A.B. asks: 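To start, I am sharing the structure in question, which I have written as structure tokens.
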Amino acid sequence: MELLLKNANIVTDKDTYMSDIYIKDGVIVNIDKELNIPNIKTVDIGGKYLVPGGIDVHTHFDIDVGIARSADNFYTGTLAAACGGTTTIVDHMGFGPKGCNLHHQLNLYYDLAKDSVIDYSFHGVIQHIDEDILKEIDEMIKDGIPSFKGYMTYGYKLSDMEMLKLSEKLGKSGGLLTVHPENNDMVEFLRAKLASEGKLAPIYHAKSRPDKCEGEAVNRMIDLTAQTNCPLYIVHLSSNEALEHIKRAKDRGQEVYSETCPQYLVLDEEKYREEDGVKYICSPPIREKSNQEKLWEGIQQGYIQTIATDHCSFNYKMKKEMGATDFRKCPNGLPGVETRMPIIFSEGVSKGRISVNKFVELTSTNPAKLFGMYPKKGSIQIGADADLVVIDPNLIKKITVDDLHENVDYTSFEGIEVKGYPVMTISRGEIIVENNKFTGEKGRGKFIKREAFKF
Ligand code: URP
Ligand code: ZN
Ligand code: ZN
């Protein structure tokens, strides 16, 4: 399989330059001006941007949350991802049965993910800590799973003692601890209080998980991992309150990384007051508008390293609407895997908040580096996988569910106009999306064995 790309405006996290690219057997073999190779498929990129394929390190495909199963499985989810310019996902495995070991979920997920159309990996999920789990972490890392998620809320929340033991182990073994930070007691207390006052409309979902709920948990994790010398990665950062804790920790030299998501950058809590406000229920909730510019500042200043989606889609009809009159009955999570790249390009690059190189850093290079895939993924260089996306920076589109491939009956970003959109997606040298049409094969994605953590 050979492919020649002509006249590409190549963008990496550091450089922007015009060149041609020659790809063979899925890998970039040459990058040079005026490459001419007869009798192979040749595509003229016409000066549009060619960026490393997007890497979304936070999805939940085919997840069963007890009250509902997600609308997207690994086939529909990765197909949608590809149409939106993403060529690799790292999925957060869901909880398994109580007491199960780590490989129980890994083996299940190998099977769930087999129809993926782009490359994929998983984060381990920690439900409890004992000696067996701590030992098994080494096996998981050998199996190519160096990152693990611990929850501070939900059914399998970890105690501070468990977080200490887990982070000590990960710090020593080259693992990365990713954390869902919310103060569980605060959530439970506020939920009960709001319910007793009859305050169960969608806006009270946000009120039951205020900024301080995230801030306290982030700060606690920062202090806990300072005792164990473990790098910490905060997922789905949503508030300035929590960002301020991260800034202080980083400024005093602690290894803390963070990820935010498009919903926290472009949506605000007034959405919960709309008639279909239940569509926006996710945890942490979308916030008061003033947080958005603070998060953009955190991105610009390097306190936030990645932008992922936390794609966890449930249909509005019959699923999200179960919570219309009682937010506690709504399955938590939003779709977004297909719209991340265009929204961040448009809100970030087209609106002048970030450079196109920073866009690449946030959506591809940093995710690859933090999660053990660089430079095979997240880069445009000789020897790297030819995971590439063409972005037309002048293409203007209004996001609408009708144009998207996500298997869900709404998008949280309906009606948002974007300038700049992916027009071609190449995965390991194969053109799998052209002008919003998927042309690849079901099951062509491969499991990526990731390396131990270093950044
Ligand atoms: O509401 C959300 N974010 N659902 C997905 C699970 C999680 O907490 O990441
Ligand atoms: Zn989470
Ligand atoms: Zn999540």
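Note that ligands are numbered from 1 as they come in the structure, with each ligand's atoms numbered from 1 the same way. Count residues from 1 along the sequence. As a basis for the values below, the full set of heavy atoms in this structure was taken, side chains included, without hydrogen atoms, waters or symmetry mates. Quick caveat: nothing in here was measured; it's all calculated off a predicted structure.
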A.B. asks: Looking only at distance, does Asp310 have an N or O less than 3.5 Å from an N or O of ligand 1?
C.D. replies: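 It does: an N or O of Asp310 is found under 3.5 Å from an N or O of ligand 1.
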A.B. asks: Determine whether any heavy atom of His92 lies closer than 4.0 Å to an atom of ligand 1.
C.D. replies: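 The answer is no: ligand 1 sits nowhere under 4.0 Å from a heavy atom of His92.
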A.B. asks: Considering non-hydrogen atoms of the protein only, which is the closest contact for atom 1 (O) of ligand 1, and what is the distance?
C.D. replies: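 The protein heavy atom lying closest is Ser283 N, 2.8 Å.
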A.B. asks: Is it the side chain, the backbone, both or neither of Lys149 that has a heavy atom closer than 4.0 Å to ligand 1?
C.D. replies: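 Near ligand 1, Lys149 shows its side chain, while the N, CA, C and O stay back.
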A.B. asks: Checking Asp62 against Tyr75: is there a side-chain donor and acceptor pair closer than 3.5 Å?
C.D. replies: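 Side-chain D/A pair, Tyr75 to Asp62: absent.
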A.B. asks: Report yes or no: does His92 have an N/O/S atom closer than 2.8 Å to the Zn ion (ligand 2)?
C.D. replies: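 No N, O or S atom of His92 is closer than 2.8 Å to the Zn ion (ligand 2), so no.
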A.B. asks: Could you tell me which atoms of ligand 1, counted from 1 in the order shown, lie closer than 4.0 angstrom to a heavy atom of Cys282?
C.D. replies: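 Result: 1 (O).
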A.B. asks: Tyr154 heavy atoms, cut-off 4.0 Å: which ligand 1 atoms fall inside?
C.D. replies: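 So the atoms of ligand 1 that pass are 7 (C), 8 (O).
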A.B. asks: Is the centre of the Tyr257 ring less than 6.0 Å from the centre of the Phe455 ring?
C.D. replies: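 Yes, the ring centres sit under 6.0 Å apart.
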A.B. asks: Tell me which N, O or S atom from Asp310 is the closest to the Zn ion (ligand 3).
C.D. replies: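 Per the distance ranking, Asp310 contributes OD1 as its closest N/O/S atom to the Zn ion (ligand 3).
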A.B. asks: Do Phe61 and His311 have ring centres separated by under 6.0 Å?
C.D. replies: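 Aromatic pair counts; centres sit under 6.0 Å.
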A.B. asks: Considering heavy atoms of the protein only, find what lies nearest to atom 4 (N) of ligand 1 and give residue, atom and distance to 0.1 Å.
C.D. replies: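 Protein heavy atom at minimum distance: Asn332 O, 3.4 Å.
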A.B. asks: Is it the case that Lys397 places NZ or CZ above or below the six-membered ring of Tyr421, under 6.0 angstrom from the centre and within 45 degrees of the axis?
C.D. replies: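 Yes, cation above the ring, under 6.0 Å and within 45°.
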A.B. asks: If you take the centroid of each ring, where Trp contributes its six-membered ring, are Tyr204 and Tyr272 closer together than 6.0 Å?
C.D. replies: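 Here the rings of Tyr204 and Tyr272 have centres that are no less than 6.0 Å from each other.
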A.B. asks: Report the nearest protein non-hydrogen atom to atom 6 (C) of ligand 1: residue, atom name, distance rounded to 0.1 Å.
C.D. replies: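 Its nearest protein heavy-atom neighbour is His60 NE2, 3.5 Å.
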A.B. asks: In this structure, which one of Tyr120, Phe447, Phe74 forms a ring pair (Phe, Tyr, Trp, His ring centres under 6.0 Å) with Tyr110?
C.D. replies: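 So, applying the ring pair (Phe, Tyr, Trp, His ring centres under 6.0 Å) to Tyr110 and each of Tyr120, Phe447, Phe74, only Phe447 qualifies.
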A.B. asks: What are the two closest non-hydrogen atoms of Tyr264 and Cys282, and how far apart are they?
C.D. replies: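 That closest heavy-atom pairing would be OH-SG, 3.9 Å.
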A.B. asks: Just jot down the ligand 1 atoms closer than 4.0 angstrom to any heavy atom of His180, in number order.
C.D. replies: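 Near His180, meaning under 4.0 Å from one of its heavy atoms, ligand 1 has 7 (C), 8 (O).
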A.B. asks: Can you confirm if the aromatic rings of Phe95 and Tyr151 lie within a centre distance of less than 6.0 Å?
C.D. replies: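 Yes, close enough.
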A.B. asks: Could you check which N/O/S atom of His180 is closest to the Zn ion (ligand 2)?
C.D. replies: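 The nearest such atom is ND1.
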A.B. asks: Short list, please: which atoms of ligand 1 are under 4.0 Å from a heavy atom of His58?
C.D. replies: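 Going through ligand 1 atom by atom, the ones under 4.0 Å from His58 are 9 (O).
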A.B. asks: Parallel, tilted or perpendicular: which fits the ring planes of His123 and His92, with parallel below 30° and perpendicular above 60°?
C.D. replies: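 If you compare the ring of His123 with that of His92, the planes turn out parallel.
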A.B. asks: The Zn ion (ligand 3) as vertex, arms to NE2 of His58 and NE2 of His60: angle to 10°?
C.D. replies: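 Value, to the nearest 10 degrees: 100°.
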